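No hydrogens, no waters, no symmetry mates; every other heavy atom, side chains included, goes into these values. Given the structure is predicted, the values throughout are model-derived calculations rather than measurements.
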Amino acid sequence: MSVPASYSVRIEPLLVGDSPKLIARMKSGFVVIGDTQFLPGYALLLAYPYANHLTDLVGDARVQYLADMSLLGEAVLRATGCKRINYAIYGNLDPFLHAHVWPRYEWEDAAYAAKPPFSIPAELREASEHAFDPAKHGSIRDAIATELAKLR
């Protein structure tokens, strides 16, 4: 099975501990804070070792991935105090298994509050003021890590 370059670019810094986005290493992969923080606490679970689809994981490996995803959601909920968590596995842009964990908040614009986060216009989601910055978002990253440690 060929591993896409985009996967290697994401995983290699995590393997050597050289990524400010790293939240935690889980049994099924790496938890990272999202590139954009328009919904503060947005995080992802990147499968490791490589898997293309959820269906590539069999038996205990699939159960573990989904359990880790749910633990991440609980940690994000606890760390942010958000009202709800959205979970999504797409794989349409990056061809490797990764789960998006989105906190949802009371303060969100009513026009988007009931829609999936990726349906919010990119110019809002990816605005420069929301780009991950360790100085700005390090405390929420660390809070999620702390909550994950408590849950595990």
Hey, is the main chain of S28 close enough, under 3.5 Å, to the side chain of D68 for a donor-acceptor pair? yes
Using side-chain heavy atoms (C-beta onward) and a distance below 4.5 Å, is R152 in contact with K27? no
Any side-chain heavy atom of L57 within less than 4.5 Å of one from Q64? no
Pairing residues for E147 by the side chain to side chain donor-acceptor pair (under 3.5 Å) criterion, not counting sequence neighbours: K150
Taking distance alone, no hydrogens or angles, what donor-acceptor pairs closer than 3.5 Å link side-chain atoms of residues 91-102 to residues at least two apart or in another chain?
unit_1 : atom_1 : unit_2 : atom_2 : d
H98    : ND1    : F96    : O      : 2.7
H98    : NE2    : H100   : NE2    : 3.4
H100   : ND1    : Y42    : OH     : 2.6

I want to check something: taking the side chain as every heavy atom from C-beta on, are R62 and D56 in contact at a cut-off of under 4.5 Å? no
Is there a path of hydrophobic side-chain contacts, each under 4.5 Å between heavy atoms of I/L/V/M/F/W/Y residues, joining L66 to L44? no
The side chain to side chain donor-acceptor pair (under 3.5 Å) partners of N86 (sequence neighbours excluded) come to R104
Does L14 share a hydrophobic cluster with F132, counting links as ILVMFWY side-chain heavy atoms below 4.5 Å and allowing steps through other members? no
For a 4.5 angstrom cut-off between non-hydrogen side-chain atoms, does I144 reach L72? yes
What pairs of donor and acceptor atoms, side-chain ones from residues 6-13 against any protein atom, are under 3.5 angstrom apart with sequence neighbours left out?
unit_1 : atom_1 : unit_2 : atom_2 : d
Y7     : OH     : A47    : O      : 2.7
Y7     : OH     : Y50    : N      : 3.2
R10    : NH1    : D35    : OD1    : 3.3
R10    : NH2    : D35    : OD2    : 2.7

Can you list, pair by pair, the side-chain donor-acceptor contacts under 3.5 Å of residues 117-127, counting residues two or more places apart and other chains?
unit_1 : atom_1 : unit_2 : atom_2 : d
S119   : OG     : P116   : O      : 2.6
R125   : NH1    : F118   : O      : 3.1
R125   : NH1    : I120   : O      : 2.4

Should Y112 and F38 be regarded as members of a common hydrophobic cluster, given that ILVMFWY residues are connected when their side-chain heavy atoms come within less than 4.5 Å of each other, either directly or indirectly? yes
Whether the side chain of Y48 engages the backbone of R25 through a donor-acceptor N/O pair (distance < 3.5 Å, no angle test) should be reported. no
Contacts table for residues 75-84: side-chain donor-acceptor under 3.5 angstrom, sequence neighbours left out:
unit_1 : atom_1 : unit_2 : atom_2 : d
R78    : NH2    : E74    : OE2    : 3.0
T80    : OG1    : V76    : O      : 2.8
T80    : OG1    : C82    : N      : 3.1

Taking everything shown except D60 itself, do over 12 heavy atoms lie less than 6.0 Å from its CG? no
Let me confirm one number: the CG-OG distance from N52 to S2, rounded to the nearest 0.5 Å. 10.0 Å
